[in-house]
Amino acid sequence: MNRLSISQLEAKVADLERENEFLKNNLRENERKRNDFLTLSLNTLADPVFVKDADSRLVLVNDAFCKIFQISRENVIGKTLAEHVPPEERESFLAIDRQVLDDGIENINEESLTVEGKASRIISTKKSRFIDTQGNKFLVGVIRDFTARIKAEEEFRSLFTQSVIPSALLDLNDLIIKCNQAFCDFIGYSSNEILGKKLKSFVYPEVSENQFQALDKSSKNSSESSFAKPFLRKDGAKLWGEVSTSSICNKHEEPQASLAVIQDITEKYQALKELEKNQLKLKDLNDTKDKMFSIIAHDLRGPVGNTLSLSELLQDKDSPLEDSERKEYFKLITQSIKGTKLLLDNLLNWANSQRGKVQPKYKTLIINTVIENVFISTKAAASRKSISLSSTVDNKVIAQSDPDMLETIIRNLINNAIKFTGKGGEIVVSALSNTNQIEITVSDTGIGMTEEQRLGLFKLETHASTRGTENEKGSGLGLLLCKDFVELLAGTISIRSTLGKGSSFKIELPISPPAID
């Protein structure tokens, strides 16, 4: 057996030491490469990731970790991070580190972390235990930074609460889970009365269920919608609101709730309705104007032309007219002028009523006296057709009404009856009264009318004059004027008629002037 000399032993030891150093360097290089690869892999993650040893010292962090806490990797590796945070935060996260390292139960905790006086961050940290092949314990952590979200939520909460615009949060079942004071003020209910109910619960009852499909849709997907609805306040007032809804989604674009914002458009809605009303009124006035011109052109031209022809004939000195013929012509001229005056009176009164220039002036009236006055002015026209005029009204029947309007109404109804009643016919005026109203009926034994004719009365767009039993002409304005005056007196007018047997026109008026709001 060869023995090594001391020098040979020393050389052998030196070789072993060099080999050992090579192995250590190689191990360190492999460890560095492995750590670099792991770090490179972790750096691809957007979320901050860290690894701690059994003593809570950081052994690995990614770039996102350094960025969120604004600290370099060199200043944090080998430390617990407790050196950089306030004491109250330090004890909390170190205690969780120990718990996870000891029992291996995963922990997720939302906490506030302030590094070296920098702005606090709200984070959610998930910590898990890892044990390597040598039995060494490590803590692996993943951080989610909720600072921006929490800040946005706080800003939203502040804006939501302080906003002067009515706003409400709705869950996926469309139940109101939060509302601001402006919403309470708009609806007129307290928040306790609102929460847990659907927005449609506060909509005016006339709105149907299917009109809320847009709201239902917007709370179940990411769409937005806007629609106007009438709302019923607790005090019974009706308000109009334009409701805009939008979905609130999570990061996966899944709806979690919806935000409903209401703009009070009551004044705008009322202005639009008033504009529509004025447009209709303007159209009616234009129609009235056109009708007036048509009547003036058509119904006045005939009587005026006849009167002119008769006047020229009477002025002709060479005309071989007997005195009796001249008297008859003068009589015809007088009748024509009276008819024209009646037409002009009706035309003027009707035009004034259409323009709102006629208002009732109430007096206490004996109804039969008004009827007798009308008989005086219509007796001649009735006599020419041998029509009898009679009244069954007792002198005790009285009412408060406008004498001129009431007389105009009855006169036009009687003139209409005379026109459509043949020779030897009869016209009767009757009246009934109670404590609330009076009914005055003008009945005749005339030719009556069809149902279609009856339904076309009192309508400007369908009204047309029909010739009487002796081919009498008329403008048709009389009945239109009757209707307008009856309505001005807060009454109603109705007709019953049988073709070939006659007609009855009934007006119902309040016994006293209506109360003024």
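These figures come from a predicted structure and were not determined experimentally.
- Using a 4.5 Å cut-off on side-chain heavy atoms (C-beta onward), F93 and N109 make no contact.
- When the shell of 6.0 Å around CD1 of I122 is examined, it contains more than 12 heavy atoms from other residues, nucleotides or ligands.
- Residues T378 and I427 form no side-chain contact, since every pair of their non-hydrogen atoms from C-beta on lies 4.5 Å or further apart.
- Side-chain N or O atoms of E439 include none that pairs as donor or acceptor with a backbone N or O of Q437 at under 3.5 Å.
- At a threshold of 4.5 Å between non-hydrogen side-chain atoms, the residues N416 and V442 do not count as touching.
- Summarising the geometry, atom NZ belonging to K506 is positioned 7.0 Å from atom CZ belonging to R496; distances are rounded to the nearest 0.5 Å.
- A distance of 9.0 Å separates NZ of K483 from CD1 of I493, quoted to the nearest 0.5 Å.
- T445 places a side-chain N or O within 3.5 Å of a backbone atom of E426 that can act as its donor or acceptor partner.
- Atom-to-atom distance recorded for I511:CD1 and N436:CG is 8.5 Å, nearest 0.5 angstrom.
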Please output the side-chain donor-acceptor pairs of residues 367-375 that fall under 3.5 Å, not counting sequence neighbours, one pair per line with the distance.
{"from": "N368", "atom 1": "OD1", "to": "S391", "atom 2": "OG", "distance (Å)": "2.7"}
{"from": "N368", "atom 1": "ND2", "to": "N395", "atom 2": "OD1", "distance (Å)": "3.1"}
{"from": "N373", "atom 1": "ND2", "to": "T369", "atom 2": "O", "distance (Å)": "3.3"}

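- Within the 4.5 Å cutoff, the side chain of L172 has heavy atoms near those of the P255 side chain.
- Across all non-hydrogen atoms, the minimal contact from A260 to L170 is CB-CD1, 4.0 Å.
- In this structure, the separation between OG1 on T421 and NZ on K419 is 12.0 Å, given to the nearest 0.5 Å.
- In this structure the side chain of I108 reaches within 4.5 angstrom of the side chain of S124, judged on heavy atoms.
- Between W240 and L272, the closest side-chain pair of non-hydrogen atoms is not below 4.5 Å.
- Atom CG in D47 sits 9.0 Å away from atom CD1 in I143 (nearest 0.5 Å).
- For the atom pair OG of S497 and CG of D444, the computed distance is 7.5 Å after rounding to the nearest 0.5 Å.
- Partners of D235 by side chain to side chain contact (heavy atoms under 4.5 Å, CB included), not counting sequence neighbours, listed by chain and number: R233, A237.
- Within the 4.5 Å cutoff, the side chain of K126 has no heavy atoms near those of the N107 side chain.
- When all heavy atoms of F183 and L199 are compared, the closest pair comes out as CZ-CD1, 3.7 Å.
- Among pairs with a residue in residues 260-275, those fulfilling salt bridge (charged side-chain N to carboxylate O under 4.0 Å, His left out) read K273-E276, E274-K277, at least two apart in sequence or across chains.
- Two residues are said to be in side-chain contact when any heavy atoms from C-beta on lie closer than 4.5 Å; Y189 and L195 fail this criterion.
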